[in-house]
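Fair warning: this is a prediction, and the values are worked out from it, not measured in the lab. Just so you know, these numbers use all the heavy atoms, side chains as well, and skip hydrogens, waters and symmetry mates.
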Amino acid sequence: MGFKVYKFGGASVKDAEGVRNVAHVIRETGATDAVVVVSAMGKMTNAFEELVDAYFSREDRITDALEPLISFHLNIAKDLFENTSHSVFKELNLLFNELTDFLKRNKSPDYDFVYDQVVVYGELLSTTIVSAYFNVISLVNTWHDVRRYIKTNTRYREGKVDWEITMRNLSRNIPKQGLQVTQGFIASDSNGFSTTLGREGSDYTAAIIAYCLNAESVTIWKDVPGVLSGDPRYFKNTVLLNTISYTEAVELAFYGASVIHPKTLQPLQRKEIPLLVKSFANPTASGTQVCLGEPINPLVPCYILKRQQILLSLSSLDFSFMDEENIGEIFKLLGYYKLKVDLIQNSAISFSVCVEDKYRNLEKLVARLKADYKVTVYEQVSLYTLRHPNQAAVSQLEENKEILLKQVTQNTVQLVSL
């Protein structure tokens, strides 16, 4: 059995029982030589984001936001370790002290910088607990701080990987024998400050490690049986996709399928490393395999929903054409203000774009745009994407919706609705 990379998301380690189940998966699958990439526990990244918000809003809110984080992790540790004098408690307290010290001494007003220095503790805490528990139950492993190996530029919250340095660091420091436990999502820049790879970036971390170490495969362990034809929370009668090609997986990820991070497929495809998406509740089931081959099996319509989107509709103030120069300027502004574009549509005198505003720059962008264009803003819209559509699927998707925009291409239908 070759060297593998396993990635476990927050849902798989949301509590002590989840951590025990991760150990069960490792044993059940016989993964003796593997890097185990672990995300922050449960919804802890959201909780750390609230801590960052508290830091920037009111200093007296920091303690209120920090205390639940500390108690959450300590309670899981107390459930897993019978001996409360175990060294893991000292390690956790050291991390809490580091975090508290940063919040006290930091002077940077840069939200994105502070965000990355704070949220990384979610992964550091979770892997500290998981690694220590593995050792207690004789799953002997080595804990690694992945920030020492994966290096990025200084674009905080969306770090761009320096592949040359990262490959050298990983190949020199992570053995291909035995179990290695490390973090997803986090990295560091050339100055040693923490960076992150974008939300849900733990999948990407697994792919980076697999690419640099020539792993046999990557397995993402989820709370679903594999890649489904739609998110069962929003769509009925979804089916398991047994196999999909790298290209199809990239398309699904690009349109917003949450089961695979958009950047994950790129390094894996370059070296043709298979990606498996499997259920941590049923580790011996086949799941979904992403590899070279037919685009999708079975060939069924696939539904994707992205909520809390923003639709911007622009037209020129003097009824002139929306030509290449105008559209180019709009895209420059979208890039400058870091709004992610999910859909565009233009006519002779109008231009519409559906975007995400995770950096909270919408108001600034709109103010700039209104200098040259008439701008209509629709907030809290939903973007539906239908891959491999048939007429019945399209009709069902359109039912009972107020559709603001519709776009049809050969294999894809997209709708923006209120």
Beyond-backbone contact of Leu314 with Ile330, side-chain heavy atoms, under 4.5 angstrom: yes

Note, Thr29 side chain near Lys278 side chain (heavy atom, < 4.5 Å): no

Short side-chain donor-acceptor distance under 3.5 Å, Asn153 and Asp162: no

Phe81, CZ atom: more than 12 neighbouring heavy atoms under 6.0 Å: yes

Short side-chain to backbone donor-acceptor contact, Asn97 and Asn93, under 3.5 Å: yes

Neighbour count >12 (heavy atoms, 6.0 Å) for atom NZ, Lys358: yes

Val37 and Val218, any side-chain heavy atoms less than 4.5 Å apart: no

Donor on one side chain, acceptor on other, Asp318 and Ser320, under 3.5 Å: yes

Expected output: side-chain Ser171 to main-chain Arg168 donor-acceptor under 3.5 Å: yes

Test item: Asp357 side-chain N/O and Val355 main-chain N/O as donor-acceptor pair under 3.5 Å: no

Side-chain heavy-atom pair Gln345, Gln414 within 4.5 angstrom cut-off: no

Criterion side chain to side chain contact (heavy atoms under 4.5 Å, CB included) against Leu213, the qualifying member of Val5, Ile174, Ile208: Ile174

Axial cation check for Phe254 ring with Lys340, 6.0 Å and 45° limits: yes

Donor-acceptor contact below 3.5 Å, side chain Gln117 vs main chain Ser194: yes

Within-4.5 Å side-chain heavy-atom neighbours: Phe331 and Phe351: yes

Lys401, NZ atom: more than 12 neighbouring heavy atoms under 6.0 Å: yes

Min side-chain heavy-atom separation Tyr55-Val118 under 4.5 Å: no

Tyr359 six-ring face occupied by Lys338 cation (under 6.0 Å, within 45°): yes

Backbone N/O of His24 and side chain of Asn21: donor-acceptor pair under 3.5 Å: no

Tyr211 and Trp163 aromatic ring geometry - parallel, tilted or perpendicular at 30°/60° bounds: perpendicular

Phe321 atom CZ, over 12 foreign heavy atoms within 6.0 Å: no

Side-chain donor or acceptor of Thr205 paired with backbone N/O of Gly184 under 3.5 Å: no

Heavy-atom check, side chain of Val38 versus side chain of Val22, under 4.5 Å: no

Flag, side chain of Thr182 to backbone of His144, donor-acceptor distance under 3.5 Å: yes

Heavy atoms from other residues, nucleotides or ligands near NZ of Lys370 exceed 12 (cutoff 6.0 Å): no

Atom pair CD1/OG of Ile244 and Ser229 - distance to nearest 0.5 Å: 11.5 Å

Presence of salt bridge, Asp110 and Arg157, under 4.0 angstrom: no

Derivation and outcome, ring-ring contact (aromatic ring centres under 6.0 Å, His included), residues Phe56 and Tyr111: CA-CA 8 Å; Phe56 279 103; Tyr111 181 94; 5.3 Å; yes

Ser190 backbone acceptor or donor facing Lys151 side chain under 3.5 Å: no

Matching residue for Ile76 among Lys14, Glu17, Met41 - test: side chain to side chain contact (heavy atoms under 4.5 Å, CB included): Met41

Between OG1 on residue Thr243 and CG on residue Leu292, distance to nearest 0.5 Å: 11.5 Å

Side-chain donor or acceptor of Asp33 paired with backbone N/O of Phe3 under 3.5 Å: no

Contacts of type salt bridge (Lys or Arg N to Asp or Glu O under 4.0 Å), residue Glu49, not counting sequence neighbours: Arg199

Test item: Thr219 side-chain N/O and Leu276 main-chain N/O as donor-acceptor pair under 3.5 Å: no

Greater than 12 external heavy atoms within 6.0 Å of Glu98's CD: yes

Contact check, side chains of Val161 and Leu197, non-hydrogen atoms, under 4.5 Å: yes

Carboxylate-amine/guanidinium contact Asp53 Arg360, below 4.0 Å: yes

Spacing of OG1 belonging to Thr288 relative to CG belonging to Leu228, to within rounding of 0.5 Å: 7.0 Å

Single hit among Asp112, Thr154, Thr152 for side-chain hydrogen bond (donor to acceptor under 3.5 Å, both in side chains) with Thr195: Thr152

Straight-line distance of Lys263 NZ to Ile260 CD1, nearest 0.5 Å: 15.0 Å

OG1-CG distance between Thr100 and Leu95, expressed to the nearest 0.5 angstrom: 10.5 Å

Residues, nucleotides or ligands: over 12 heavy atoms within 6.0 Å of Arg307 CZ: no

Parallel, tilted or perpendicular, as decided by the 30° and 60° cut-offs, for the rings of Phe48 and His73: tilted

Lys7/Asp203 ion pair, N-O < 4.0 Å: yes

Glu123/Arg147 salt bridge by N-O under 4.0 Å criterion: no

